[in-house]
Amino acid sequence: MSIVPTNDNDRRINVYDPFFLDPWNPLSDFPFFPSSISRVFPELNLGAPVNSRVDWRESSDAHIFQACLPGFAHEDVLVELKDERVLQISTDSGSFMTSFKVPESAKLDQLKAFMNNGVLTVTIPKEEARRPEVRVVEIAGED
């Protein structure tokens, strides 16, 4: 089976023609392809999707999440802590949303978020590692 590109008039297109100005896009008619979702569901008013990078790193005393959200102000971004220790970062427009399960070592009551020049930084301090209690046991016996 082969796929033969066709145009709107259902005529075969010579894909080797260098003067053909309308390139064939096999996903253009797929109803849920991101570029056409607003055409299919205009009432959603999703705007342009955001291609963002989110980094998570762990230092000795904190968990640090950084999200690059160019074009958004801090008023447009929501940072929420949901049940089961889930951190959700999203935008008001709905064009970006991601969530992370926060590790058990995080102090959720001390979560802080800061945004500067389109970079959101969420810092969650870690609990101090518990040191195991060491108990010296006296050895009884006769020498």
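Start at 1 with the first residue, then count along the sequence.
Under the 4.5 Å side-chain heavy-atom criterion for ILVMFWY residues, no single connected hydrophobic cluster contains both Val119 and Met115.
Counting only distance, with no hydrogens or angles, the side chain of Thr91 and the backbone of Phe96 share a donor-acceptor pair below 3.5 Å. In this structure, Lys101 contributes its side chain and Glu84 its backbone to a donor-acceptor pair below 3.5 Å.
A distance of 8.5 Å separates CD in Gln88 from CG in Leu78, rounded to the nearest 0.5 Å. Trp56 CH2 to Phe100 CZ: the interatomic distance, rounded to the nearest 0.5 Å, is 10.0 Å. Here the NZ-CD distance, from Lys126 to Glu58, works out to 3.5 Å after rounding to the nearest 0.5 Å. The CG atom of Asp76 sits 10.0 Å away from atom CG of Leu69, with the distance rounded to the nearest 0.5 Å. Within the model, atoms CG of Leu108 and CD of Glu127 stand 8.5 Å from one another, a figure rounded to the nearest 0.5 Å.
The two residues Ile124 and Lys107 come nearest to each other via the heavy atoms CG2-O, 3.6 Å. Considering all non-hydrogen atoms of both residues, Val102 and Ala106 come closest at CG1-CB, 3.4 Å.
Between Glu104 and Arg85, some side-chain heavy-atom pair lies under the 4.5 Å cut-off. The shortest distance between side-chain heavy atoms of His63 and Ser105 falls below 4.5 Å. Using a 4.5 Å heavy-atom cutoff, the side chains of Leu87 and Leu111 are in contact.
Using a cut-off of 4.0 Å between Lys/Arg side-chain N and Asp/Glu carboxylate O, Asp55 and Arg53 are scored as salt-bridged.
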- Query: Run the side-chain contact (heavy atoms from CB on, under 4.5 Å) check on Phe72 and Leu120 step by step: do they pass?
  - Reply: CA-CA 10 Å; Phe72 288 97; Leu120 173 71; over 6 Å; no

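Enclosure of atom CD in Glu80 by more than 12 non-hydrogen atoms of other residues, nucleotides or ligands within 6.0 angstrom is indicated.
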